[in-house]
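Report on the following structure.
Order of appearance sets the numbers: ligands from 1, and atoms from 1 within every ligand. Any value given below was found using the heavy atoms of this structure, including those in side chains, with hydrogens, waters and symmetry copies removed.
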Amino acid sequence: MKKFGIIGPGAVGTAIAYALNQSGHNVALFGRSNSTVLFQEYNHSVQHEFTVHALQDAHEQVDILFIAVKTTQLDSIIPYLNNNVIHSNSVIILTQNGYGQLQKINHPYKYHAVVYISGQKDKNSVTHFRDWTLKLPLDNNTLDLQAVTQDSLLNIECLEDYPEHVWYKLIVNLGINTVTALTRQPAVVLKSNEVKTLCYNLLVEGKRVAEAENIHFDDDLEESIMKIYEGYPDDMGTSMYYDMMNTRPLETQYIQGYIYNLSQKHQLSTPYIESTYAILSTF
Ligand code: NAP
């Protein structure tokens, strides 16, 4: 039986722990210190308690490791990977927003999942809102993972067109995360025509950068994403909005920064990305 480990007992990490635990998998959850975390489904009263083991004291090598800390916390866990939780054949799945940070991890079998698991952590309680999907590139390791988790709530997708999915999520995050974080307002902010136009222009520029990277979307990508945003409840925040409101570090470097750096590499004119990225980088 494969041994699973998860670093980061937060919204995404605890949801993965729950999903695997429900179907009887052997799962170890690692955090900053020995503690517990409570998990519950939105609108359900039943809470599930998970033991969290201090990562720095861990000496339990796992076969599949999910890394579910925020991008801003990745550097702090890297020193513990090799000695504490992985062996030479372990498979590492990074479950973070943004892109480009996988290169920080020095290991042959590493993958960056496009994450569709929505939840929130408040103190030591995690509420899961919706979705259980991790989108990964297609190869033997990811197919193995799909096979061993097929009886669980986790939905592992192994995709030939994985880069398109990476870019789609990057562009979705570029629009709504930028405007909600900068205005410190949840989705209701799109009721302002000026902010709506800014958001749309960010999507246009994001798509232009994707095209320079040889990723091609339908002509109406921006309209279809704006329609998705329109369906968001007014009081719905984004991860970057909540980080801004709670004065936590923002994941700007690997979302807006990743796209901005590529726009510079391709010598594109992306003034909306450039100016909003400049302001976000100051937080
Ligand atoms: P989160 O709730 O803040 O969870 C991160 C967890 O990592 C926290 O429990 C944190 O502990 C822990 N951690 C931080 N530094 C650590 C360290 N040095 N050693 C061990 N544990 C450490 O974040 P999240 O919402 O799950 O987000 C994780 C990633 O998924 C982010 O990139 C996010 O953008 C992405 N994502 C999230 C969602 C969502 O709905 N939440 C959806 C899609 C993608 P403390 O609590 O002690 O800080």
Side-chain angles (χ1 to χ4, degrees), residues 5-19 28-42 50-58 60 65-81 83-85 93-102 104-105 111-136 154-155 165-166 168-170 172-174 176-178 180-181 186-187 232 236-258 280:
I6 299 157
I7 300 178
V12 171
T14 309
I16 294 171
Y18 172 76
L29 189 52
F30 302 107
R32 294 182 201 269
S33 55
N34 290 323
S35 58
T36 55
V37 60
L38 298 171
F39 174 90
Q40 75 187 90
E41 290 283 5
Y42 182 66
F50 289 89
T51 300
V52 178
H53 307 278
L55 176 62
Q56 58 190 9
D57 302 330
E60 190 176 347
L65 178 71
F66 295 91
I67 299 180
V69 299
K70 293 212 167 192
T71 60
T72 50
Q73 300 162 334
L74 185 57
D75 288 341
S76 68
I77 65 108
I78 286 176
Y80 299 106
L81 292 181
N83 293 332
N84 297 40
V85 279
I93 311 287
L94 186 64
T95 60
Q96 293 185 332
N97 275 340
Y99 203 67
Q101 60 274 45
L102 195 60
K104 289 188 162 193
I105 299 171
Y111 301 86
H112 189 156
V114 183
V115 182
Y116 288 92
I117 294 174
S118 166
Q120 212 175 323
K121 184 175 192 182
D122 182 22
K123 301 199 180 77
N124 77 329
S125 291
V126 166
T127 304
H128 174 252
F129 298 127
R130 60 175 174 268
D131 304 326
W132 294 102
T133 297
L134 297 177
K135 299 188 180 212
L136 290 163
L154 263 195
N155 174 38
H165 292 269
V166 169
Y168 181 79
K169 184 86 194 277
L170 276 171
V172 169
N173 281 338
L174 173 69
I176 194 73
N177 272 279
T178 302
T180 54
Y232 289 170
M236 194 182 112
T238 62
S239 58
M240 214 171 247
Y241 162 81
Y242 289 117
D243 286 341
M244 182 68 107
M245 298 308 282
N246 292 303
T247 55
R248 291 189 296 247
L250 305 184
E251 295 186 291
T252 310
Q253 189 186 353
Y254 291 104
I255 302 174
Q256 290 84 353
Y258 180 74
L280 282 172

Atom 19 (N) of ligand 1 [closest protein heavy-atom partner, distance rounded to 0.1 Å]: Ile77 CG2, 3.5 Å
Distance filter under 4.0 Å to Gln96 heavy atoms, resulting ligand 1 atoms: 29 (C), 30 (O), 32 (O)
Between Leu174 and Ile255, which heavy-atom pair has the shortest distance, and what is it? N-CG2, 4.4 Å
Can you sort out which atoms of ligand 1 are near Ser118, meaning under 4.0 Å from one of its heavy atoms? 40 (O)
Please indicate whether any nitrogen or oxygen in Ala11 is less than 3.5 Å from any nitrogen or oxygen in ligand 1. yes
Look at the side chain of Asn177 and the backbone N and O of Met240, then say whether any donor-acceptor pair between them is shorter than 3.5 Å. yes
Can any side-chain N or O of His53 pair as donor or acceptor with the backbone N or O of Gln56 at less than 3.5 Å? no
Protein residue, atom and distance nearest to atom 28 (C) of ligand 1, heavy-atom basis: Ala68 O, 3.5 Å
Pairs of nitrogen or oxygen atoms closer than 3.5 Å, one from Gly8 and one from ligand 1: do any exist? no
Considering non-hydrogen atoms of the protein only, which is the closest contact for atom 23 (O) of ligand 1, and what is the distance? Lys70 CE, 3.3 Å
Do Tyr99 and His112 have ring centroids that are under 6.0 Å from one another? yes
Should the proximity of Thr95 to ligand 1, defined as any heavy atom under 4.0 Å, be assigned to the side chain, the backbone, both, or neither? backbone
With nothing but distance in play, are any N or O atoms of Glu251 less than 3.5 Å from an N or O of ligand 1? yes
Record the part of Lys169 in heavy-atom contact with ligand 1 below 4.0 Å; permitted values are side chain, backbone, both and neither. side chain
Nearest 0.5 Å please: distance from the CD atom of Gln101 over to the NZ atom of Lys70. 13.0 Å
For atom 9 (O) of ligand 1, tell me which residue out of Lys121, Gln56, Gln120, Arg32 has the closest non-hydrogen atom. Lys121
Distance from Phe30 atom CZ to Leu55 atom CG, nearest 0.5 Å? 7.0 Å
Do other residues, nucleotides or ligands put more than 12 heavy atoms under 6.0 Å from Phe129 CZ? yes
With rounding to the nearest 0.5 angstrom, report the CD1 to CG distance, Ile6 to Leu29. 5.5 Å
for atom 35 (C) of ligand 1, nearest protein heavy atom and its distance come out as Asn97 N, 3.6 Å
Value for OG1 (Thr71) from CG (Leu94), rounded to nearest 0.5 Å, stands at 9.0 Å
Here the gap from Gln40 atom CD to Thr127 atom OG1, rounded to the nearest 0.5 Å, amounts to 5.0 Å
Ligand 1-proximal atoms of Val115, by part, heavy-atom distance under 4.0 Å: both
For atom 13 (N) of ligand 1, which protein heavy atom lies nearest, and how many Å away is it? Val69 CG1, 3.6 Å
Counting only heavy atoms not in Tyr232, do more than 12 sit closer than 6.0 Å to its OH atom? yes
Rounded at 0.5 Å granularity, tell me how far OH in Tyr254 sits from CG in Leu102. 10.5 Å
Measuring from atom 37 (C) of ligand 1, which candidate in Asn124, Val12, Asn173 has the nearest non-hydrogen atom? Val12
Check each of Gly10, Gly31, Pro9 against atom 12 (C) of ligand 1 and report the one with the nearest heavy atom. Pro9
Tell me whether Ser76 has any N or O atom under 3.5 angstrom from an N or O of ligand 1. yes
Ranked by distance from atom 42 (C) of ligand 1, the top protein heavy atom is Ile117 O, 3.0 Å
Identify, for atom 40 (O) of ligand 1, the protein heavy atom at the shortest distance, and state residue, atom and that distance. Gly119 N, 3.0 Å
